[in-house]
Every structure is written in C-alpha cells, then in structure tokens.
Number of protein chains: 2
Amino acid sequence: MYRQIGASGSFGGHGRLAAADLAVAQSGQLDALLAIERLALRLNYARNQEIYAEGDPGGYWYKVVSGAVRVFKFLADGRRYLAQFCFAGDCFGFEGTDERLFSAEAVSNAVVLRLPRHATERLVDQNPAAARALRETMLRDLANAYGRMLRLGRMTAAARVAAFLIEMAERSDRRKKLDLPMPRNDIADYLGLTIETVCRVLSSFKRNGIIAIPSAHSIEICDRRALDLAADT
Amino acid sequence: MYRQIGASGSFGGHGRLAAADLAVAQSGQLDALLAIERLALRLNYARNQEIYAEGDPGGYWYKVVSGAVRVFKFLADGRRYLAQFCFAGDCFGFEGTDERLFSAEAVSNAVVLRLPRHATERLVDQNPAAARALRETMLRDLANAYGRMLRLGRMTAAARVAAFLIEMAERSDRRKKLDLPMPRNDIADYLGLTIETVCRVLSSFKRNGIIAIPSAHSIEICDRRALDLAADT
DNA sequence: CGCCAGTTTGACCAAGATCAACGCAAGTGG
DNA sequence: CCACTTGCGTTGATCTTGGTCAAACTGGCG
C-alpha cells in the first residue's frame with residue numbers, strides 16, 4: 001500500500017490514507033502529489049512539545065513521518081477532550097477553518113511534514129482524481145467519527161477500552177504486541193473515561209487473560225476473540 | 001441563503017448546506033446543480049415508513065423537502081443508535097459505501113427528493129467549484145461530528161439535552177417555540193440516554209423556568225441564557 | 001538512594017440506567 | 001356517546017457503572 005502522499009481530511013477519523021492513496025496511485029496522479037510533498041517542511045518535535053495551539057492560524061496541514069501526535073482541546077472546566085491520535089502516515093490539522101479549533105502536541109518525539117493548505121487546494125481543484133480520493137478519505141473519516149460517537153455514547157467502559165485496543169492493533173503493523181506511546185491519561189481523554197477506569201479495565205482484561213501488559217506502554221493481545229467480544233458489550 | 005441544491009456529505013453532521021450552497025451560488029454554478037436536481041424523484045413517506053434499510057444498496061442520496069427523517073442503526077443488543085435527524089433542506093444517505101450502513105425512516109410524514117449518486121459524482125468531477133463546496137460541507141459535518149462526540153463522551157445528561165434543544169433551535173426557523181416532531185424515544189437514542197432521563201431533564205428544565213412544554217412535541221425556550229449555561233456543564 | 005512522573009488499587013459516592021407504575025390523549029368498536 | 005385499548009410520556013424506587021478521592025506502587029534518573 002502507498003503511504004507516500006496525502007491530502008487527508010484527517011480532522012476526522014484516524015486520518016490514514018489507505019484506499020485514498022491507493023486510488024490516487026492507480027490514477028497515475030502520484031507524481032503531482034509527490035510534487036506537493038516537496039513543498040513540505042520537515043519538522044522535529046520533542047515529547048509533549050506543542051505543534052500548534054487552539055486559536056492559531058490554520059494555513060497548514062501535517063503528515064506524521066515518525067512518532068505519534070495527539071490532537072485535542074481543553075474544555076471550559078479544565079477537562080481535556082482528545083480528538084485523535086496520529087501515527088506515521090497519518091495526517092492532521094486539516095480543519096478547514098482560519099483558526100485552529102484544536103491543539104496538537106507530540107506524544108513521543110516525532111517528525112512531521114508541514115504542508116501549505118493553499119497549494120493542496122490548488123492541486124485538488126485541478127485534479128478530479130485527487131479530489132475524489134480526498135472525498136473518499138473524508139467520507140471514511142466521517143464513518144469513523146460516527147462509529148466513535150456510537151462507542152462514546154452507548155458503550156461501557158470495558159467496550160471502549162477493548163475497541164481502543166482493537167483500533168490500535170488495526171493501525172499498527174504488528175497485530176499482537178502493541179506499542180502504546182501515549183500515557184493512560186491520553187487514552188482516558190480519548191475514550192471519555194477517567195484514567196482510573198482505564199487502568200481498572202486493563203487490569204481486569206489482564207486478570208482474564210485477554211491481554212498481557214509486559215510494561216505500561218506495551219500490551220499484548222492474547223485472546224483476540226474475547227477482546228472482540230468485549231468490544232461490543 | 002440558497003437552499004435550492006446540494007451535494008452534501010450529509011452522512012455526518014446535520015447535513016444542511018449553508019455556506020456550501022452559498023459558495024456554489026456565488027461561483028455561478030447554480031444552474032449546473034439545479035440540472036442535477038431535475039434528475040430527482042420526489043417521494044412521499046408516511047410517519048415511521050422506511051426510506052432505506054441497513055444493508056440495502058446505496059446508489060442514491062436524498063434531500064428532505066418537508067417533514068423530518070431519522071438515520072439510525074440497531075446494535076447487536078437491540079438498542080438503537082440514532083445518527084442524525086434531517087429536516088427540510090437537509091441531505092442524507094451519502095455514505096460512500098455500496099451497502100447502507102444505516103437505516104432511514106420518516107419521523108413524521110415527509111417528502112424527499114431522491115438523487116442518483118453517479119450523476120452527482122460526474123458533476124462534481126467536472127466542476128471544481130462544486131467539488132470545493134462539497135468538501136467544505138463535509139469538513140463542517142466532520143466538525144459537527146467532533147462536537148457531538150465531545151458531548152456524548154464527556155457531558156452530563158442535562159448538558160446533552162440542553163445542547164440538543166439549542167441545536168434544534170439553531171436549525172429551525174423560529175427560535176423560541178420549537179416543534180420537535182420526533183418522539184422522546186428518538187431524542188434519547190440520539191443523545192445516548194434513556195427515555196426516562198430525557199423526560200426527567202426536560203421536567204427539571206421546566207421546573208426551573210428554562211423551558212415551557214405546552215405539549216409534548218412543542219417546547220418553548222424561556223431562558224436562553226440559562227439553557228446555554230446548562231449546555232456546557 | 002531518593003525523587004518524580006506515571007500507574008495501579010481500594011473505598012466510597014453520584015449520575016444515570018433499570019424496573020415498575022401511572023397519566024393521558026387519540027383512536028376504535030360496541 | 002362511552003368503555004377500552006394503545007402508544008407515548010412522566011414519575012418514583014432501586015441498582016449499577018463509573019467517577020472521585022486517597023494512597024500505594026513502579027521504574028527511570030539525578
């Protein structure tokens with residue numbers, strides 16, 4: 001699968017480019033999009049360093065080269081709402097507004113490409129295939145958003161955590177041994193739970209032999225069947 | 001504002017076309033899009049009648065002329081997840097998959113236009129302005145989706161119901177006296193609450209003078225300030 | 001070794017779900 | 001016209017889930 005380029009509506013969903021990339025590649029527009037990527041600035045961020053903040057001007061979008069990024073905002077009462085995690089190949093910061101609605105920070109040390117929005121828009125205007133790929137990506141993001149809405153609204157804590165582990169497994173290359181670079185804190189804010197609940201659920205999964213936790217940031221899925229079952233409880 | 005035409009990623013958000021329509025109108029592409037609308041079939045649905053069901057082929061999208069529509073799916077355990085309400089001018093059924101992921105039913109007696117998807121796609125491929133309008137609409141839907149995710153994940157029952165009333169007020173023409181065509185049932189499934197909780201919250205708002213409930217399906221907002229306050233508690 | 005950030009566990013509490021009645025208005029049939 | 005049903009809506013009593021508060025644990029690092 002191609003992960004070279006991308007103009008993703010990564011504002012929603014996890015922002016991978018999967019089929020969109022593929023479509024573009026197949027349509028022979030890869031060169032044009034690679035040209036865009038040559039306009040990118042390569043930036044390094046340390047753990048917890050800010051990439052942009054709510055309210056900043058939003059003239060760029062980003063693509064993760066390595067490491068992980070969190071996109072979030074603070075609520076009036078001080079709680080934090082974590083909209084998405086982005087890993088290598090994922091795009092973010094494509095909000096379509098002049099001002100950033102969210103902030104972005106590096107979860108771990110991260111390298112990202114920064115691309116000017118207007119150049120991308122020009123390309124997409126001239127290139128129906130790229131536009132179509134972008135639309136498809138956005139539709140997929142939208143579908144993801146609806147799925148997550150469902151989980152947040154109706155699923156138990158255990159189901160949310162299970163779904164999170166499954167999501168991370170799907171998005172990582174290795175399916176069994178998961179590396180979770182983010183602290184429990186971030187997971188809780190992503191799932192609309194407290195850190196204690198996340199811990200408890202993970203512990204209970206461990207007790208039941210569904211997962212193993214060799215270290216806090218490394219989780220192994222032992223019983224995928226049971227995890228799937230737990231995910232739609 | 002123009003509400004004549006639309007190719008909305010209405011799968012997300014409430015599916016209005018607001019700024020997107022405007023953009024298209026300004027760019028002088030209105031005629032082309034009106035031509036699309038001439039391909040539409042006008043359909044009548046009675047209250048609770050099915051428009052399409054999960055699993056059906058998804059070759060069309062729809063635009064509500066009058067009445068209201070709910071888009072939903074059933075979960076494995078029999079609960080229902082209500083993804084969106086659509087009113088006059090809103091579009092729905094633009095999922096981008098071959099099979100329907102959701103079902104759609106008329107909430108009240110409704111008239112809808114049904115449009116073939118491929119014709120729309122052809123238009124959008126040939127017309128960068130229309131494509132851009134569509135992208136903007138989808139981005140807005142995505143932003144709505146993230147807002148709703150936030151509410152579903154982190155807000156109290158009272159805040160969800162308050163936000164719902166505000167959303168309905170924003171979307172209806174008259175801002176004070178709200179007509180809520182959907183049963184409490186639907187509201188609960190939209191907000192991820194039980195019908196009892198929705199009732200209780202509405203009753204408490206009434207007790208506090210924030211709203212009046214002349215009849216079950218008609219709600220008057222008496223104290224908008226207090227309602228706004230309740231919405232981000 | 002001690003400190004510190006992050007993680008885990010336990011005890012208790014509260015928001016909302018569940019279960020169970022009851023109310024109420026719109027049909028429906030005698 | 002009036003019992004009776006039926007579909008919603010509302011209210012109350014109890015229970016469960018997950019949040020809150022508090023404390024202990026762990027690993028990395030000076």
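So that the names make sense, note that chain A is the first sequence line, chain B the second, and so on, each numbered from 1.
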### Query
Is the shortest side-chain N/O distance from A/H217 to OP1 or OP2 of C/dG6 below 4.0 Å?
no
Which whole-number value in Å describes the distance from [X] [atom1] to [N] [atom2]?
X      : N      : atom1 : atom2 : answer
B/I195 : D/dG7  : CD1   : C1'   : 10 Å
B/R184 : C/dG16 : CZ    : P     : 18 Å
B/I213 : D/dG9  : CD1   : C1'   : 10 Å
B/R47  : D/dT6  : CZ    : P     : 16 Å
A/K206 : C/dT8  : NZ    : P     : 7 Å
B/N185 : D/dG7  : CG    : C1'   : 11 Å
B/M182 : D/dG7  : CE    : P     : 21 Å

### Query
Are the ring centres of A/F72 and A/F102 closer than 6.0 Å?
no
### Query
Is the gap between the ring centers of A/Y62 and A/Y52 under 6.0 Å?
yes
### Residues A/D223, A/R225; criterion salt bridge (charged side-chain N to carboxylate O under 4.0 Å, His left out); working and verdict
CA-CA 5 Å; A/D223 187 347; A/R225 187 86 43 183; 5.9 Å; no
#### Entry: Cation-pi check, A/R148 onto A/Y190 ring (under 6.0 Å, within 45° of axis)
yes
### Task
For A/K177, enumerate each residue passing the salt bridge (charged side-chain N to carboxylate O under 4.0 Å, His left out) test, keeping only those at least two apart in sequence or located in another chain.
A/E220
### Message
Counting primed atoms plus P, OP1 and OP2 as sugar-phosphate and everything else as base, spell out the protein contacts along nucleotides 13-30 of chain D at 4.0 Å heavy-atom distance: B, S or - for each nucleotide, 5' to 3'.
### Response
B----SSBB---------
### Task
Using salt bridge (charged side-chain N to carboxylate O under 4.0 Å, His left out) as the criterion, point out the one residue from B/R70, B/K63, B/R171 that pairs with B/D90.
B/R171
